[in-house]
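As structure tokens, the structure follows; a few thoughts come after it.
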Amino acid sequence: MSTIAETASRGQARRRMRIDGWRWSGRIFLAFMLLYTALPMIWMLITSIKSGFAALQFPPQWWPDQPTLDSYQKLLDPQNSVGQDFLRFLWNSLFVSTATTILSVIVAVPAAYAFSRFTFPGRNFLFFAVLLRNMFPAVIFLVPLFILMRAIGLVNTHGSLVLTYLTFGLPLAIWLLKGFYDNIPVQLEQAARIDGATRFQAFLLIVMPLSAPGIIATAIYSFIGAWNEYIYAYTFLSKNEQLTLPVGIQRFFSENTTDFPGLMAASFMMSVPVVVLFLVLQRYFVRALTEGAVKH
């Protein structure tokens with residue numbers, strides 16, 4: 001008996017060591033990925049507080065001898081041309097991203113609810129047809145969409161970007177929300193209907209609060225996609241007053257020189273809203289992505 005107990009004890013110890021080994025391997029991998037993703041942001045921030053001469057030194061200065069915030073002051077000062085352009089680009093990006101986010105939620109919520117709750121002819125075909133667009137790279141649609149926007153007079157307007165971003169963002173938004181609605185028990189709506197609520201009231205008062213994490217995740221996805229997009233903004237917009245930040249910050253490049261501190265400061269300020277938005281709402285985003293793995 002003692003031999004059996006010792007053998008079982010040794011087996012448990014070996015399994016525990018294997019589990020601990022995998023656990024530590026995962027921790028090391030996560031630490032490596034954190035370092036890999038954080039270093040570019042750290043280097044961008046450090047470069048943004050250097051002078052133009054220090055930013056071009058080789059070997060590079062890892063920390064400037066005389067840190068300066070001149071680049072940030074220049075960008076945020078509406079009295080100079082650089083600041084005026086940057087603030088205009090910032091406002092344009094905020095407007096386009098916010099409009100895209102609001103419209104994505106307004107369209108995706110009822111569409112996803114209809115796919116989840118109703119049965120109608122061609123339902124499965126239509127649902128997978130919505131996802132079909134994601135099989136192709138976005139650049140394939142560049143020329144056809146430009147011709148379409150020119151035909152309806154939306155070139156050099158923010159409306160062309162909003163419509164385009166909706167085209168690319170809605171399929172995943174609908175798919176994400178449908179998976180969330182599938183896991184909200186339909187009995188909750190039926191109970192509300194029995195108590196006298198209409199279908200719309202049951203949806204508004206029961207389903208909407210329960211689906212808040214999915215809606216927030218959809219909003220985050222739509223906002224980030226619109227905020228970072230470059231190719232379509234570069235193609236559809238040519239007027240300086242209409243440019244968004246991803247296109248506008250290329251103005252720091254010139255034929256003879258590049259203002260690296262100003263470019264890094266603009267890039268860092270462009271990254272801040274997305275990072276803050278994700279950090280504040282990440283728990284909703286993670287919950288929405290994992291909700292489909294839990295069956296109610």
Side-chain angles (χ1 to χ4, degrees), residues 37-38 40-50 52 55 69-105 138-139 141-142 145-146 149 154-169 173 218-255 257-281 285:
T37 55
M41 292 288 292
I42 295 172
W43 183 249
M44 184 166 59
L45 178 60
I46 292 174
T47 305
S48 69
I49 59 175
K50 292 180 179 179
L69 297 177
D70 288 346
S71 296
Y72 292 96
Q73 292 175 352
K74 185 190 300 183
L75 290 174
L76 298 176
D77 184 7
Q79 303 302 321
N80 62 71
S81 59
V82 175
Q84 290 174 0
D85 285 342
F86 178 80
L87 293 175
R88 185 184 302 115
F89 301 153
L90 179 63
W91 165 252
N92 292 339
S93 287
L94 283 173
F95 173 78
V96 171
S97 301
T98 303
T100 301
T101 301
I102 294 173
L103 290 176
S104 293
V105 171
V139 70
F141 302 96
L142 183 61
L145 282 175
F146 179 79
M149 296 302 169
L154 289 181
V155 174
N156 276 323
T157 68
H158 293 147
S160 62
L161 296 185
V162 173
L163 287 177
T164 301
Y165 298 160
L166 282 174
T167 302
F168 297 125
T218 301
I220 294 173
Y221 168 77
S222 301
F223 185 89
I224 292 177
W227 182 266
N228 292 329
E229 203 282 323
Y230 173 82
I231 296 296
Y232 283 90
Y234 182 77
T235 304
F236 291 168
L237 305 177
S238 59
K239 296 180 180 179
N240 186 71
E241 61 271 15
Q242 297 289 339
L243 298 182
T244 56
L245 266 180
V247 180
I249 60 176
Q250 70 177 349
R251 299 299 174 93
F252 289 95
F253 294 96
S254 62
E255 183 177 354
T257 184
T258 299
D259 181 11
F260 283 107
L263 177 63
M264 292 298 103
S267 301
F268 182 77
M269 293 180 66
M270 178 181 170
S271 304
V272 167
V274 175
V275 173
V276 171
L277 181 68
F278 187 82
L279 289 177
V280 172
L281 302 175
F285 191 72

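Counting only residues at least two apart or in different chains, ring-ring contact (aromatic ring centres under 6.0 Å, His included) contacts with residues 224-246 comprise Phe168-Tyr232, Phe223-Trp227, Tyr230-Tyr234, Tyr232-Phe236.
Between Ile249 and Ser267, the closest side-chain pair of non-hydrogen atoms falls below 4.5 Å. Side-chain contact between Thr47 and Met44 is absent, with no heavy-atom pair separated by less than 4.5 Å. Contact of the Glu229 side chain with the Thr244 side chain is not registered, since no non-hydrogen atoms from C-beta on lie closer than 4.5 Å. With a 4.5 Å cut-off on side-chain heavy atoms, Lys50 and Ser71 do not count as touching.
Of all the heavy atoms in Ala266 and Phe86, the pair that sits closest is CB-CE1, 3.8 Å. Summarising the geometry of Lys239 relative to Asn156, their closest heavy-atom pair is N-OD1, 3.4 Å, with the distance given to 0.1 Å. For the pair Ala233 and Leu161, the tightest heavy-atom approach, listed with the atom from each and the gap, is CA-CD2, 3.6 Å. Pairing each heavy atom of Ala173 with each of Thr218, the nearest pair is CB-CG2, 3.3 Å. Heavy atoms only, all atoms of each residue included: Asn92 and Gln242 are closest at ND2-C, 3.4 Å. When all heavy atoms are compared, the tightest approach of Leu163 to Met149 is CB-CE, 3.9 Å.
At least one donor-acceptor pair closer than 3.5 Å links the side chain of Ser160 to the backbone N or O of Thr157.
Distance check, rounded to the nearest 0.5 Å: CG of Leu103 to OG1 of Thr98 gives 11.0 Å.
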Check against side chain to side chain contact (heavy atoms under 4.5 Å, CB included), Thr101 and Ser104: CA-CA 5 Å; Thr101 301; Ser104 293; 5.7 Å; no

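Salt bridge annotation for Lys74-Asp77: absent, with no cationic side-chain nitrogen under 4.0 angstrom from a carboxylate oxygen.
Taking a 6.0 Å sphere around CH2 of Trp91, one finds it holds 12 or fewer heavy atoms contributed by other residues, nucleotides or ligands.
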